[in-house]
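Contents: one structure, followed by commentary.
Below, chains carry the letters A, B, ... as their sequence lines are ordered, and counting in each starts from 1.
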Protein chains: 2
Amino acid sequence: MVKIPIPDIVVSRLPLYLQMLQLMQLEGKLSASSKEMGKRLGISAAQIRKDLSQFGEFGKQGTGYSIPFLIDQLRDILNVKKTWDIILVGAGDLGHAIARYQGFTNRGFRVAMVFDSDSDKIGKKVGNCTVEDIVNLKQRVHESGIRVALLTVPSSSAQVVAELLVQAGVCAILNYAPIQLSLPPGIQVRNTDPILQLQHMTYYMAR
Amino acid sequence: MVKIPIPDIVVSRLPLYLQMLQLMQLEGKLSASSKEMGKRLGISAAQIRKDLSQFGEFGKQGTGYSIPFLIDQLRDILNVKKTWDIILVGAGDLGHAIARYQGFTNRGFRVAMVFDSDSDKIGKKVGNCTVEDIVNLKQRVHESGIRVALLTVPSSSAQVVAELLVQAGVCAILNYAPIQLSLPPGIQVRNTDPILQLQHMTYYMAR
DNA sequence: CATTGTGAACGGGTTCACAGCA
DNA sequence: TGCTGTGAACCCGTTCACAATG
């Protein structure tokens, strides 16, 4: 039995589906058709059906998809039935905002540790965590078994800190610095740079 | 003369190229080959050549691309030769972090106004701006002519505020709330939700 | 000789259209 | 009737390969 791997582009849409379904659940809806979901997300209904059908037959003809059931399936597929502890490196303004953000709960994540190298910040409380010294990062992360990290340090130190994270056993990094990290294969890296998105939009803003 | 529109996926890579080239410039490099650029970004050299060739013949055989020249061209293509004033709505933790962020300079943007509805925040200084009352948003933005906005309000008010922004003349919104905005066609919308990226990564993190 | 620009080939993601089913 | 699941057709982005050139 050979499993054809699911295209990455399909996987990238699943979190979007989950987000939307959780919203629809809050609105009190019990089921959703591919047509309705597509309309909300600006995606074709056929696309959504095809995406979901890669993982099983989740829908019912004539009715659509049961929202609680589909949420459960997606959480399972995305590995967010359990809550992932994550570590945050960089306790600047952005790090503060993330550490205090309430939106991780119920979506599969929890900021469990915060690190920084600035002695003024170490020992201070940020959200539910106390900022720890980055020199202890490797040991602390190793023994905690945490494998997901958010990187909110200045660009100039992002590469070095990312390598430190990998040494500590981290295998998924969400990088907020506007540079391209170079890390071993097998390490998941995603980037978040608002300016890239702004520039993408200004392209279309005719003079 | 019929201009074939550039594929959106190509446009989305241009900001990445620009970011990288500006970094290479800081490193003191004067030219770059498609091979070298591709290696840095994890993209094929052919892809980069094809992307750039859509806009003109920027390279020189045997040498590659002149970095200052290519930066200039990309800034022109992306409309970031001038600096765009942008407005920020939502002066919470994330709004604060963005308003104080130094990285907009030299990449084409500047936070020019900040709005919030919380009377405790109105009048307070955030970065270089004073938080203004959201009831004045429509008028103030109209007369300023600003057309780009960052939306950092709670999910529950994001849709309403987004509509307000559109009424005020904004036509590009970077939305930080984890919901899908529904706005008129022609309005540019991009979303930033770190949890979508985290869930994308956890999919691949085998049990 | 290294590297660009590009037509052609390729691959794969999206849409179509419909059988099948509640 | 309404909607899913899916093979087939279609479309489009990527890669290939090479002529052209400084």
Side-chain angles (χ1 to χ4, degrees), chain A residues 2-18 20-21 24 29-74 77 200 203-204, chain B residues 2-18 20-21 24 29-74 77 200 203-204:
Chain A
V2 178
K3 278 200 182 180
I4 299 165
I6 311 286
D8 183 65
I9 194 159
V10 172
V11 177
S12 74
R13 282 190 292 263
L14 302 181
L16 213 55
Y17 299 161
L18 179 55
M20 178 197 54
L21 289 163
M24 292 179 78
K29 305 218 175 186
L30 291 175
S31 71
S33 68
S34 59
K35 188 178 166 189
E36 183 179 1
M37 292 193 272
K39 199 171 180 182
R40 287 217 187 198
L41 296 176
I43 290 177
S44 78
Q47 173 108 86
I48 290 177
R49 290 201 302 280
K50 183 141 272 189
D51 283 353
L52 295 176
S53 72
Q54 303 251 23
F55 299 92
E57 309 202 349
F58 298 149
K60 283 189 179 32
Q61 281 109 332
T63 324
Y65 300 86
S66 156
I67 290 180
F69 176 74
L70 191 50
I71 285 177
D72 192 68
Q73 292 296 316
L74 286 172
I77 293 166
H200 188 179
Y203 172 86
Y204 293 104
Chain B
V2 178
K3 279 200 181 177
I4 299 165
I6 310 287
D8 183 67
I9 194 159
V10 172
V11 177
S12 74
R13 282 190 291 263
L14 301 182
L16 213 54
Y17 299 161
L18 179 55
M20 178 199 53
L21 288 163
M24 291 179 78
K29 306 219 174 183
L30 292 175
S31 71
S33 67
S34 58
K35 187 178 167 190
E36 184 179 1
M37 292 193 272
K39 199 171 180 182
R40 286 218 187 196
L41 295 175
I43 290 177
S44 79
Q47 172 107 85
I48 289 176
R49 290 202 302 279
K50 182 141 274 191
D51 284 353
L52 295 176
S53 72
Q54 303 252 22
F55 298 93
E57 308 204 347
F58 299 148
K60 283 190 178 32
Q61 281 110 331
T63 322
Y65 300 85
S66 155
I67 289 179
F69 176 74
L70 191 49
I71 286 177
D72 192 68
Q73 293 296 317
L74 286 172
I77 293 166
H200 188 180
Y203 172 86
Y204 293 104

Non-hydrogen atoms of [X] and [Y] that approach each other most closely:
X       : Y       : value
B:Ile67 : B:Met24 : CD1-CB, 3.8 Å
B:Tyr17 : B:Leu74 : CB-CD1, 3.9 Å
A:Met37 : A:Leu70 : CE-CD2, 4.4 Å

| message | Considering only residues two or more places apart or on different chains, which pairs with a residue in residues 5-16 of chain A satisfy salt bridge (charged side-chain N to carboxylate O under 4.0 Å, His left out)? | response |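 Found A:Arg13-A:Asp51.
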Going by salt bridge (Lys or Arg N to Asp or Glu O under 4.0 Å), name the residues that satisfy it together with B:Arg49, two or more places apart in sequence or in a different chain.
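None.
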For B:Lys60, salt bridge (Lys or Arg N to Asp or Glu O under 4.0 Å) partners two or more places apart =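 Per chain and number, B:Lys60 pairs via salt bridge (Lys or Arg N to Asp or Glu O under 4.0 Å) with no residue.
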Could you work out, with side-chain contact (heavy atoms from CB on, under 4.5 Å) as the rule, every residue matching [X], not counting sequence neighbours?
X       : result
A:Lys39 : none
A:Leu30 : none
A:Ser12 : A:Ile9, B:His200
B:Gln73 : B:Phe58, B:Phe69

Does anything in residues 53-65 of chain B come within less than 4.0 Å of DNA chain C? Heavy atoms only, and list the residues if so.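 Correct list: B:Ser53, B:Glu57, B:Phe58, B:Gly59, B:Lys60, B:Gln61, B:Gly62, B:Thr63, B:Gly64, B:Tyr65.
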Contact boundaries on DNA chain D for chain A, cut-off under 4.0 Å to non-hydrogen atoms
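First and last nucleotides in contact are D:dG2 to D:dA8.
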Requested in this report: Would you please name every residue forming a side chain to side chain donor-acceptor pair (under 3.5 Å) with A:Glu36, sequence neighbours left out?
Outcome: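 Expected list: A:Lys29.
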Any residue in residues 33-52 of chain A with a heavy atom nearer than 4.0 angstrom to DNA chain D? Just list them by number, or reply none.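 The answer is A:Ser33, A:Ser34, A:Arg49, A:Lys50.
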Item to complete: May I ask you to list the residues of residues 7-17 of chain A, by number, that have any heavy atom positioned under 4.0 Å from an atom of DNA chain D?
Response: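 Correct list: empty, so none.
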So do A:Tyr65 and A:Leu21 actually touch side chain to side chain, heavy atoms under 4.5 Å?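 Heavy-atom side-chain distance check fails, nothing below 4.5 Å.
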